[in-house]
Amino acid sequence: MSDDRAENRYDFRAIEQKWQQIWAESGLFRVPDHSDRPKFYALVFFPYPSGAGISIGHCKNYIPLDVVARFKRMQGYNVLHPMGWDAFGQPAENEAIKQGRNPGEMVSEYAANYKRQLNRVGISYDWSREINSSHPDYYRWTQWFFLLLYRRGLAYRGTAPINWCPQCKTGLANEEVVAGQCWRCGTTVEKRPMPQWYFKITAYAERLLAGLDTIQWPEGIKMMQREWIGRSEGAEVDFPVAGSNDTIRIFTTRPDTLWGATFMVLAPEHPLVERLTTPDRRAEVTAYIQKAQRETEVERQATDRVKTGVFLGSYAINPVNNQKIPIYIADYVLMGYGTGAIMAVPAHDQRDFEFARKYHIPITLVYRTDAHQTSETLQQAIPDQGTMCLGPFAGAPNTRDTVRRVIQWLEEQGLGRGVVNYRLRDWLISRQRYWGAPIPMIHCAQCGIVPVPEDQLPVLLPPVEKYQPTGTGESPLAGIPEFVHTTCPQCGAPARRETDTMGGFACSSWYFLRFADPHNDREPFSQRAVDYWLPVDLYSGGAEHAVMHLLYARFWTKVLYDAGLIRFEEPFTRLRNQGMLLAWTPGRRVSAAEAGQTGDETDAGEPIEDWKVLKPEERLTIPEDQWEYRWVKMSKSLRNVVTPDEMAEQYGADSLRLYILFAAPFEETVLWKDAGGVEAANRFLNRVWRIWHDLRPHYRDDWRVHLPATRAGLNADERRLRRKLHQTLRKLGEDIENFRFNTGVAALMEFTNELSAFRNALASTTPTATQQLLISESLETLVLMMAPVTPHMADELWSQLGKPGSTLEQMWPAYEPEAAAEEQITIVVQVNGKVRDRLQVAPDTPQEAIERMALDCEKVRAELNGKQVHRIVSVPGKLVNVVLRESAPGLQ
RNA sequence: GCCGAAGUGGCGGAAUGGCAGACGCGGUGGUCUCAAAAACCAUUAGGGGCAACCCUGUGUGGGUUCGACUCCCACCUUCGGCACCA
């Protein structure tokens with residue numbers, strides 16, 4: 001039936017180019033600020049635009065969200081689907097330094113390339129709302145928010161020792177230290193004291209925890225945030241130091257074991273260490289502190305190493321029994337958690353137990369699991385069993401309730417108080433870097449720290465020749481006199497500007513608000529715009545941002561809520577994480593020694609354990625049978641990137657979109673070996689194209705008027721086609737809604753198969769009037785169903801039906817439940833749980849009739865022989881299970 | 001070590017207590033063609049049988065149930081996250 005006329009060829013290149021141009025020229029994706037339609041805000045994590053451009057890995061997130069955005073728009077929502085650039089930060093700066101270029105210029109160029117690529121796959125972003133976090137008209141407001149936090153007492157300067165990366169020559173947040181190493185460059189992190197700006201996120205710990213119960217996020221992400229916040233209930237108790245006025249405050253989750261505290265341990269960095277060290281112990285203590293400082297985080301955090309520590313020479317008094325107990329320092333106690341000091345209860349804490357055994361410190365049992373148990377026979381600590389055997393609570397069980405009673409008792413006695421402690425630490429916002437938003441603060445000799453007045457914002461990043469880190473730990477901005485020298489806004493005296501810039505997470509903590517009102521130059525956003533668009537209804541990105549970005553953004557949102565700027569407390573109502581895309585990558589085994597070397601920076605990829613990606617020259621010199629392939633993430637440095645451009649060129653953007661959706665569930669990791677899947681998608685689209693054009697001559701524009709009258713007269717095949725059509729319409733809609741794109745696409749394929757069979761059955765006969773109406777309904781509905789998924793082809797076919805405009809402006813068709821209903825259902829007949837037969841019945845067949853038919857069918861009768869029916873289990877609409885039992889002996 | 005997710009044909013995957021393998025890839029056979037490609041049709045978990053059919057089968061071993069890929073217990077493997085948190 002097909003012919004070779006030009007219009008019958010699926011020329012995806014011409015079609016995609018044509019429609020992308022029409023969409024751009026007509027402003028199809030521009031979203032009105034206000035509308036009578038309900039709003040829907042669909043957002044993807046805004047990317048840092050790198051020179052490598054986007055790979056099909058990025059598409060794994062952007063394409064599905066575009067499908068949802070388009071679908072929602074067809075459902076009648078006013079959809080905000082924006083995109084922008086997370087342009088500040090160390091990667092951009094490092095790249096700029098390497099290339100000797102201006103980072104701003106570079107980022108703009110890279111962003112333009114991203115934009116081109118995203119347009120090439122037909123993503124429906126409203127580019128009129130594009131934002132760039134490194135533009136002054138954006139970071140002006142980032143600075144404005146800094147001042148807001150400062151005014152509310154949530155930005156402060158701290159001087160605690162910070163993580164120092166000697167490679168990046170910059171401080172790192174605790175969150176940015178991965179396994180003791182810089183998360184960017186992998187260099188081992190050192191400690192160095194430096195005055196820093198912090199945001200007091202810990203003040204919001206409880207609300208950040210509580211808010212998690214109100215949002216639709218993956219449970220795994222919520223759990224990670226809960227763990228990160230790390231709430232634990234316990235008590236603070238003061239231990240007086242023997243023969244001194246000093247007291248040591250400790251935090252414990254187990255105040256009920258106070259009676260078993262036989263020593264104390266301070267972190268080596270604890271401020272009291274100096275004073276509590278007796279002269280005879282000083283040499284050893286100093287040596288230990290130095291050793292602990294030299295140790296990397298990695299070494300200190302190894303859980304399985306032998307506990308070490310040093311006695312300070314001083315004693316503390318256990319407040320519950322006035323026992324004199326020795327004070328130690330040990331590196332397993334961390335200054336950053338609790339109070340940096342612990343009471344040690346060897347009988348009930350395994351770490352304390354190991355320490356006590358090693359240094360021959362007495363062990364006192366507070367709980368006993370049997371009456372004869374002694375501390376001498378103890379093999380390991382008893383954390384959560386037994387009955388208390390001393391003190392005023394003797395006889396109490398080892399439970400949370402006992403802990404609570406003891407806390408109450410401590411408060412009554414004035415010995416301690418119940419407290420809630422969090423693992424969460426304040427957010428280090430300072431960066432000693434050039435490429436970030438300058439912190440809008442001024443240091444005045446007279447007035448101290450003074451905020452830059454709002455009307456003087458933005459504090460502009462000065463153009464600069466050299467933005468290499470100074471190496472002294474100060475920002476490159478410190479080397480620019482024109483920037484540093486200013487006058488105090490309060491007293492007018494000469495003053496110095498703060499030279500630290502803000503870390504990138506500041507920019508990304510509010511960008512979702514700016515999209516609502518991106519060009520506002522009087523305020524960060526208008527109340528009206530944010531009230532209409534926010535919160536984000538659907539947010540999607542990689543799970544690697546599970547904690548940091550998503551926690552910081554939630555924190556800012558709560559602060560803005562408290563400041564009365566917005567009316568919601570959680571920024572992202574629904575969150576989804578897309579799976580990774582891994583590429584099958586050739587490499588070679590390397591020796592442990594070679595893998596351990598850092599190597600030169602231009603090396604093809606970081607070593608992954610004992611394996612390295614092949615460099616281009618190695619691909620020529622090493623024979624292929626010695627290549628060892630592995631699945632690794634697509635990245636430019638690994639030389640395994642496949643770009644959407646090349647896929648679009650070869651198979652079409654619609655084919656790529658279809659493939660990404662169909663390959664695997666959204667959350668799953670996809671393994672990329674070759675373009676076979678995209679090719680298959682292209683084949684499917686060709687098939688649709690062909691079938692559709694074969695039937696196109698029978699299309700009647702007036703089918704909606706005439707179809708209802710013919711419904712009663714349809715034959716079985718005709719009803720079958722309609723049924724499949726409306727079932728597909730239903731399933732595809734549900735699947736897009738629930739992020740089950742792969743089965744949604746499968747449904748489209750099933751319908752296509754059905755339509756193909758219908759076409760084949762027509763053979764060369766002319767369809768009846770009724771059949772023409774059915775064909776018309778199918779052709780038009782199919783185009784609309786494909787619109788969110790393969791928008792270029794859908795718009796082309798739409799125009800070939802003689803209709804104006806874009807499918808995006810059409811309503812998503814409602815399915816007819818009666819048409820989608822099954823006429824016959826299959827009832828499975830089981831005997832003892834094994835399938836023996838199937839019955840075709842009308843859906844409304846009474847249950848008794850079905851059971852009678854089941855018992856009556858030949859297969860069941862054959863099994864019945866010599867047995868009796870014990871029971872019949874019926875599941876309406878699904879199955880009948882006949883449970884047989886051997887006849888009782890003697891009856892046979 | 002702890003927490004989480006997952007394990008199904010040759011491959012990607014479908015089915016969340018009720019027909020295991022939808023849909024697609026790959027394979028096989030056929031139609032069309034001088035031939036090939038494309039397309040179309042049929043077939044495709046494994047084993048047995050001429051056949052109708054029968055048996056086995058969702059990482060391994062147990063359990064619950066009329067019935068288990070699905071729920072429970074133990075273990076194995078893979079991936080992700082966290083790691084002395086007092």
Side-chain angles (χ1 to χ4, degrees), chain A residues 1-2 178-179 218-221 223-224 227-228 230-232 234-235 250-255 257 261 264-265 267 300-305 307 330-334 336-345 348-352 354-355 421-423 543-544 546-547 577 579-580 582 631 658-659 662-665 667-674 676-677 679-681 683-684 686-687 690 740 742-753 756-757 759-760 826-838 859 870-885:
Chain A
M1 225 185 269
S2 300
V178 179
E219 272 311 311
I221 302 283
M223 198 143 35
M224 282 163 74
E227 255 172 46
W228 195 266
R231 183 183 203 274
S232 66
I250 59 110
F251 171 74
T252 177
T253 54
R254 297 300 305 274
T257 63
M264 300 192 75
V265 187
R300 249 181 106 163
Q301 285 177 359
T303 42
D304 50 353
R305 64 202 269 260
K307 304 279 175 283
D331 59 8
Y332 76 89
V333 174
L334 310 174
Y337 184 79
T339 61
I342 62 162
M343 64 168 190
V345 185
H348 303 293
D349 181 286
Q350 187 60 25
R351 291 158 305 176
D352 299 343
E354 287 167 25
F355 195 91
N421 193 51
Y422 300 93
R423 175 164 35 205
E544 68 273 13
V547 178
N577 299 118
M580 287 189 297
L582 304 181
W631 291 112
L658 197 71
Y659 162 75
F662 184 60
E667 287 87 357
E668 288 295 311
T669 299
V670 164
L671 305 176
W672 175 272
K673 211 166 200 166
D674 56 50
E679 196 184 325
R683 204 148 54 212
F684 169 72
N686 265 299
R687 179 167 146 85
R690 225 162 22 240
R740 290 193 303 248
N742 57 331
T743 52
V745 171
L748 268 181
M749 289 173 168
E750 284 186 54
F751 174 68
T752 304
N753 291 341
S756 169
R759 173 198 60 179
N760 295 345
T826 305
I827 300 291
V828 170
V829 180
Q830 296 183 335
V831 176
N832 290 337
K834 281 183 189 281
V835 180
R836 284 294 175 258
D837 207 350
R838 294 176 180 88
K859 298 276 175 44
H870 171 60
R871 199 180 148 189
I872 296 176
V873 181
S874 284
V875 180
K878 293 244 161 101
L879 64 69
V880 176
N881 186 11
V882 181
V883 183
L884 297 181
R885 194 186 252 176

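Worth saying up front: this structure is predicted, and the values here are computed from it rather than measured. Numbers restart at 1 for each chain; the letters A, B, ... are given by sequence-line order, proteins then strands.
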Give a yes/no on whether any side-chain N or O of [X] is located under 4.0 angstrom from OP1 or OP2 of [N].
| X | N | value |
| --- | --- | --- |
| Asn760(A) | C41(B) | yes |
| Arg351(A) | C85(B) | yes |
| Lys834(A) | U56(B) | yes |
| Arg690(A) | C40(B) | yes |

Using atom [atom1] in both nucleotides, what's the gap between [N] and [M] to the nearest angstrom?
| N | M | atom1 | value |
| --- | --- | --- | --- |
| G13(B) | C25(B) | C1' | 10 Å |
| G24(B) | U44(B) | C1' | 14 Å |
| A20(B) | A68(B) | P | 11 Å |
| C41(B) | U78(B) | C1' | 41 Å |
| G63(B) | C85(B) | C1' | 38 Å |
| C3(B) | A83(B) | C1' | 10 Å |
| G57(B) | G21(B) | P | 16 Å |
| G17(B) | C71(B) | P | 8 Å |

Query raised in the report: Choosing from C82(B), C85(B), C84(B), which nucleotide comes nearest the side chain of Arg423(A)?
Result: C85(B)

Requested in this report: Mind checking the CG-CG spacing from Asn753(A) to Leu748(A)? Nearest 0.5 Å is all I need.
Outcome: 11.0 Å

Query raised in the report: With nearest nucleotides of RNA chain B determined for Ser232(A) and Val670(A) from heavy-atom distances, which residue corresponds to the more 5′ nucleotide?
Result: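 Its nearest nucleotide lies further toward 5', so the answer is Val670(A).
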
Is there a Watson-Crick or G-U wobble partner for [N] with both distances under 3.5 Å, and which nucleotide is it?
| N | value |
| --- | --- |
| G7(B) | C76(B) |
| C82(B) | G1(B) |
| U28(B) | A42(B) |
| C71(B) | G63(B) |

Query raised in the report: Who are the side chain to side chain donor-acceptor pair (under 3.5 Å) partners of Asn686(A), not counting sequence neighbours?
Result: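 Scan of Asn686(A) (side chain to side chain donor-acceptor pair (under 3.5 Å), adjacent residues dropped) gives Asn682(A).
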
Report summary line: Readout for nucleotides 22-31 of chain B: B = base within 4.0 Å of protein heavy atom, S = sugar-phosphate only, - = neither; 5' to 3' it is BBSSS-----

Query - Polar pair under 3.5 Å, donor/acceptor by atom type, side chain Arg838(A), base C19(B) - result: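 Donor-acceptor pair under 3.5 Å: yes.
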
Report task. Check every strand shown and say whether Arg231(A) touches a base, only sugar-phosphate, or nothing at a heavy-atom separation below 4.0 Å. Result ->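 Arg231(A): no heavy atom of the nucleic acid under 4.0 Å.
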
Query raised in the report: For Thr826(A), which contact category applies under a 4.0 Å heavy-atom criterion: base, sugar-phosphate, or nothing?
Result: base

Query raised in the report: How close or far is atom P of C84(B) from atom OH of Tyr332(A), stated in whole angstroms?
Result: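 So the two atoms are 13 Å apart, to the nearest Å.
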
Would you tabulate the pairs of protein nitrogen or oxygen atoms and nucleotide nitrogen or oxygen atoms of nucleotides 4-9 of chain B closer than 3.5 angstrom?
none

Give me, pair by pair, the N or O atoms of the protein and of nucleotides 46-49 of chain B that are less than 3.5 Å apart, along with how far apart they are.
none

**Report entry** Residues in salt bridge (charged side-chain N to carboxylate O under 4.0 Å, His left out) contact with Glu750(A), at least two apart in sequence or another chain
**Finding:**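 Lys724(A).
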
Pairwise N/O distances under 3.5 Å, protein to nucleotides 66-69 of chain B:
{"residue": "C66(B)", "atom": "OP1", "partner": "Arg871(A)", "partner atom": "NH1", "Å": "3.1"}
{"residue": "C66(B)", "atom": "O2'", "partner": "Asn881(A)", "partner atom": "ND2", "Å": "3.4"}
{"residue": "C66(B)", "atom": "O2", "partner": "Asn881(A)", "partner atom": "ND2", "Å": "2.4"}

